[in-house]
Every structure is written in structure tokens, then in C-alpha cells.
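Here is the naming used below: chain letters follow the sequence lines, and residue numbers restart at 1 for every chain.
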Number of protein chains: 2
Amino acid sequence: MELKTFSALAEPNRLLIVELLRGGPLTVGEIADRLNLRQPQASKHLKILLEAGLVDVHADANRRNYRLRPEPFRELDEWLNSYRLWEERFDQLNRYLQILQAQPNSRRNNDVEDDRQS
Amino acid sequence: MELKTFSALAEPNRLLIVELLRGGPLTVGEIADRLNLRQPQASKHLKILLEAGLVDVHADANRRNYRLRPEPFRELDEWLNSYRLWEERFDQLNRYLQILQAQPNSRRNNDVEDDRQS
DNA sequence: TTAAAATATTCCTTGACGGGAATATTCTTT
DNA sequence: AAAGAATATTCCCGTCAAGGAATATTTTAA
């Protein structure tokens with residue numbers, strides 16, 4: 001999994017930008033306006049998103065249209081896939097533990113406060 | 001989407017810890033060993049993962065067993081869901097643009113290098 | 001009770017990051 | 001050519017996060 005993706009999304013304003021771009025490509029100025037950012041900060045954040053591969057740019061005369069790229073999201077999705085298998089095992093383990101707990105025969109010594117009488 | 005999840009996963013060693021814990025619960029020392037971390041750093045990273053809800057602890061005498069929690073991954077998955085819809089629209093738009101490009105009648109002025117003759 | 005093991009916490013230092021302000025760059029319009 | 005709009009870049013500063021080293025805490029073992 002690409003670390004850059006997580007770092008890029010870990011910043012509040014950048015996550016907002018990403019969410020915003022779901023509605024379609026936007027210009028730097030539009031992004032700055034809607035998120036109440038100053039233009040330089042918008043540009044800086046977009047640069048980082050760009051280097052992380054989360055967006056790309058299409059120059060249109062004076063303006064630059066930024067839009068989301070689907071690849072990082074697909075990658076994230078595949079990464080999560082390797083955890084879905086793990087989740088299943090996790091659930092199975094839980095069920096197993098509940099079965100164990102339902103059997104009152106063997107005493108366990110964790111969780112037990114302290115019951116020796118000096 | 002929880003920002004803490006992204007920040008927690010944005011750190012190299014913490015991402016490694018998470019990947020490592022897929023194999024099952026591990027002790028602080030085991031984690032430090034396998035990742036060549038010093039024990040204090042392992043503890044610190046685990047604390048952050050704990051506060052982000054990515055892991056939980058089960059005290060067992062001297063040792064502490066850390067294990068992954070499934071919830072953040074499910075949340076991430078649901079967040080990605082809202083992007084799958086967007087991806088579809090993205091693909092449709094791409095197809096549409098290719099159709100436009102296949103029609104050589106209307107001339108576009110973006111992307112065109114510069115073809116005026118002096 | 002004392003020593004040792006496993007873990008957590010604190011203090012310190014350093015480097016990266018984000019915002020503010022100013023400035024540079026590029027393109028358009030007149 | 002000159003002015004203005006849209007964007008990028010630079011410099012400065014304050015903050016925060018991470019590693020190193022030392023120490024505190026808790027539990028087991030002797």
C-alpha cells in the first residue's frame with residue numbers, strides 16, 4: 001500500500017478537497033472559495049495531492065482544472081481486500097471464544113481481580 | 001471519514017505494525033523484534049494506533065497483547081463505497097469523451113500545440 | 001524482599017509540515 | 001505593450017511528531 005496516499009489524506013483540508021472533487025473537476029480558485037482557503041494554500045495542497053497521484057491537472061488557458069484520479073482508490077480497495085479475509089477469521093475466532101465462554105468447566109485466571117485470602 | 005485513521009496509517013512503522021497484526025495478536029516485544037524497533041517506539045506507536053481505534057489491548061500478566069480491530073477497516077470500506085459510484089460516472093465520462101474524439105468534425109482548441117503560421 | 005522482565009512514560013532534540021505574506025509566472029484582454 | 005486575472009513559488013515562523021536515552025511502573029521469579 002502506498003504510504004503517500006495515507007499521508008495525503010491525513011490532512012483535513014486535503015481530505016476536504018478530495019471530497020469536494022467528487023462532484024467533478026474544479027479550478028484552484030473554486031476550491032479555495034468553497035473551502036475558505038487562501039489561494040496559495042490551495043495550490044500547495046493540490047501539489048501534494050498531485051504528487052500522491054490522487055488528482056491530475058488539465059491546463060485550460062489561465063486556469064487549471066484539478067480532478068480526482070480513480071487509481072489510488074482502487075488500490076486502497078484492493079488493500080482492504082486483504083483485510084476482508086482477515087476479518088472473516090476474526091469473526092470465526094470470536095464465535096469460537098464465545099463457545100469457550102459458554103462452557104463453565106475450566107477456570108481462567110485472567111480478568112480475575114484477586115481472590116486469594118492472604 | 002475519520003482523519004485519525006489516515007494519520008495513524010500514514011506513518012511507515014505503524015503501517016507495518018498493522019500489516020504485521022493481520023497474522024494475529026502480538027506482544028509489544030514481539031512487534032519490536034520483528035520490525036527492528038526499540039521497545040519505547042513500539043509502545044508509542046501502539047498507543048497512537050490504540051487511540052485511533054485501530055487496535056485494542058488485552059493485558060495478560062506482564063505482557064500486553066495488541067490486536068487489530070475490524071471497525072476502522074469497515075469504515076474505510078464504506079467510505080470507499082461513496083467513491084465507487086463516482087468511479088462509474090468517471091468511466092462513463094471517459095467513454096463519452098472518446099466518442100467525441102472519434103468525431104473529427106468540431107475542432108477543439110485545448111491541447112493544440114500552436115499551429116498559427118507566424 | 002529483591003532482582004529481573006515487559007511495558008509505559010518523560011525529556012530532549014531535530015526535522016517536517018502548515019499557514020501567512022509577499023512575489024514570481026503565465027495567460028488573457030485591451 | 002500594459003494591465004489584470006489565475007496560479008505557483010518562496011521565505012519565514014510556529015507547531016507537532018518521531019526517534020534516542022533514561023526512567024518509572026507493573027508483574028513475575030527467586
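- A 4.5 Å side-chain heavy-atom check between Phe6(A) and Leu76(A) finds at least one atom pair inside the cut-off.
- Between Arg63(A) and Glu30(A) there is no salt bridge, since none of the side-chain N atoms of the basic residue sits less than 4.0 Å from a carboxylate O of the acidic one.
- Where Arg63(A) and Lys47(A) each meet DNA chain D at their nearest nucleotide, the meeting point lying more 5' is that of Arg63(A).
- Using a 4.5 Å heavy-atom cutoff, the side chains of Arg84(A) and Asp77(B) are in contact.
- Rounded to an integer number of Å, the gap from CD of Gln41(B) to P of dA17(D) is 15 Å.
- Within 4.0 Å of Leu37(A), counting heavy atoms only, lies no atom of the nucleic acid at all.
- A salt bridge does not link Arg64(B) with Asp56(B): every distance from a Lys NZ or Arg NE/NH1/NH2 to an Asp or Glu carboxylate oxygen is 4.0 Å or more.
- Rounded to an integer number of Å, the gap from NZ of Lys44(B) to P of dC16(D) is 17 Å.
- Atom CD of Glu11(A) is separated from atom C1' of dC16(D) by 13 Å (rounded to the nearest Å).
- At the phosphate of dG19(D), OP1 or OP2 sits under 4.0 Å from a side-chain N or O atom of His45(B).
- Protein chain B touches strand DNA chain C; the 5'-most and 3'-most nucleotides with an atom under 4.0 angstrom of its non-hydrogen atoms are dA5(C) to dT10(C).
- Residues Ser82(A) and Arg22(B) bring a donor and an acceptor atom of their side chains to less than 3.5 Å of each other.
- Classification of Glu71(B) and Arg69(B) as a salt-bridged pair holds, one side-chain N sitting under 4.0 Å from a carboxylate O.
- Rounded to an integer number of Å, the gap from CG of Leu46(A) to P of dA6(D) is 16 Å.
- Residue Arg38(B) places at least one side-chain N or O closer than 4.0 Å to OP1 or OP2 of dG20(D).
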